[in-house]
Number of protein chains: 2
Amino acid sequence: MRNTEQRRVILEELVKVVSHPTAVEIYEMVRKRLPRVSLGTIYRNLEILAQNGTIQKLEVAGTQKRFDGNATRHYHVRCLSCGRVDDVPVPPIAAINDAAGEATNYDVLWHHVEFEGICPRCQKGREKVAQPGGAEVRSNANEGAVRLSTEV
Amino acid sequence: MRNTEQRRVILEELVKVVSHPTAVEIYEMVRKRLPRVSLGTIYRNLEILAQNGTIQKLEVAGTQKRFDGNATRHYHVRCLSCGRVDDVPVPPIAAINDAAGEATNYDVLWHHVEFEGICPRCQKGREKVAQPGGAEVRSNANEGAVRLSTEV
DNA sequence: GTATTTGCAAATACTTTGCAAAACC
DNA sequence: GGTTTTGCAAAGTATTTGCAAATAC
């Protein structure tokens, strides 16, 4: 895999934010640094990076796929009002894979959890806002950004 | 809401199967009984029935939405090999909503769980089959079809 | 009789792909 | 220099919508 500027910038921008942007949102972010980048390149590279395990492609509710610069598996929560998607810093419950396997005879490998609710902003009256309020910078500050524990 | 034949047949066909068909699969099922039905009508009615709470629109991984004639909330498992989606007869863990709420400051209302693994058929060698093996009739037989307990 | 719903077709939304030129190693 | 990747544009897939005719109540 070649180290192209486009690929590098896409990854840098995605890792920089805690939001879970769509391909088009990433396109807008990258375009500020590489104005001639194309949307096709964004999609191609996000796919490659996801295959790689460098990032995660999220299959959350809604029409667009979202991408997560944190490749460690973790749960997500989606705001029913504004659509934003946040991480849920709670240890994944690996044990339920076995229970599901017994109940279905599937060989269960993993699971995804998507909580739904109302985010703190929307609780404070900013209701029915369609657009998530732009990309937020990833930080280690303690603004609810509890560290994810390792998978159980 | 009017009781049209199309709407009635769509619901009947959906409730009849344990698979979680896509709109196009439902279209094919309904078309056998109402050959002149249109795909637009299928989409419009599935949307109405889901709003209603009569059925569920599932946001599972993949490009197409799937529909579930069982409106009670329950978990699902998806086969990584053939793509089929089955119910997981395990009681939902309502308690984790609170944990997620505390961890994120969201007002968490509910959650969805999607297990992923390999279904019994694919374990037996039928690998890499793209098409789920057709609609299966819903039954109360004990072929793994454990009754779902009520939401906790 | 009137409002809802249908079938049809066109439009929309998101993502993928073909191809020649450019970039990487 | 040969292969991978890019930008661009066109195509593909899933879903939604406008509208006149048909249907339910």
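Here is how names work: the chains are called A, B, and so on, in the same order as the sequence lines, proteins then strands, and each is numbered from 1. All values below come from the heavy atoms of this structure, side chains included, with hydrogens, waters and symmetry mates left out.
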Any B:H112 side-chain heavy atom under 4.5 Å of B:V60 side chain: no
Rounded distance in Å - [atom1] ([X]) to [atom2] ([N]):
X	N	atom1	atom2	answer
B:M1	C:dT4	CE	C1'	12 Å
B:K57	D:dA14	NZ	P	15 Å
A:E59	D:dA14	CD	C1'	14 Å
B:Q64	C:dT15	CD	P	14 Å
A:R31	D:dT6	CZ	P	17 Å
B:N52	C:dT5	CG	P	11 Å
B:L34	C:dT5	CG	C1'	14 Å

- request: Go through the steps to decide whether A:I42 and A:V37 satisfy the test side chain to side chain contact (heavy atoms under 4.5 Å, CB included), and finish with yes or no.
  value: CA-CA 8 Å; A:I42 304 291; A:V37 77; 4.2 Å; yes
Distance below 4.0 Å between B:T63 side-chain N/O and D:dT13 OP1 or OP2: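 No, no such contact exists.
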message: Using a 6.0 Å cut-off, check whether atom CD of A:E12 has over 12 heavy atoms from anything other than its own residue.
response: yes
- prompt: CD of A:E5: more than 12 outside heavy atoms within 6.0 angstrom?
  reply: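 No.
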Strand-adjacent residues in residues 35-50 of chain A, judged by heavy atoms under 4.0 Å from DNA chain D: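 The answer is A:R36, A:V37, A:S38, A:T41, A:R44, A:N45.
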- prompt: Does anything in residues 2-13 of chain B reach DNA chain D, meaning a heavy atom under 4.0 Å, and if so which residues?
  reply: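 Those residues whose heavy atoms fall under 4.0 Å from DNA chain D, taken from residues 2-13 of chain B in numerical order, are B:R2, B:N3.
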message: Assess the residue pair A:L14 and A:M29 against the criterion (side chain to side chain contact (heavy atoms under 4.5 Å, CB included)); give the C-alpha distance rounded to whole Å, side-chain angles, the decisive distance to 0.1 Å, and a yes or no.
response: CA-CA 9 Å; A:L14 181 54; A:M29 288 153 64; 5.8 Å; no
field: Axis deviation across the helix from C:dG1-D:dC25 to C:dC25-D:dG1, five-pair ends, to the nearest 10°
entry: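 Between the axes fitted at each end of the helix from C:dG1-D:dC25 to C:dC25-D:dG1 lies an angle of 40°.
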query: With distance as the sole test, does A:Q56 use its side chain to make a donor-acceptor pair with the main-chain N or O of A:T72 at under 3.5 Å?
result: yes
- request: Could you tell me whether the side chain of A:Q123 and the main chain of A:I118 form a donor-acceptor pair under 3.5 Å?
  value: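 Answer holds: yes.
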query: Can you list the steps and then say if A:H111 with A:I96 is a side chain to side chain contact (heavy atoms under 4.5 Å, CB included)?
result: CA-CA 9 Å; A:H111 66 270; A:I96 62 171; 3.8 Å; yes
field: Geometric class of the B:H74/B:H20 ring pair [parallel <30°, tilted 30-60°, perpendicular >60°]
entry: tilted
- request: Carefully, step by step, assess B:F67 and B:E47 under the rule side chain to side chain contact (heavy atoms under 4.5 Å, CB included).
  value: CA-CA 10 Å; B:F67 297 86; B:E47 187 60 41; 5.8 Å; no
message: Just by distance, no angles: are the side chains of B:Y75 and B:D87 close enough, under 3.5 Å, to form a donor-acceptor pair?
response: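 Judged by distance alone, the side chains do not pair up.
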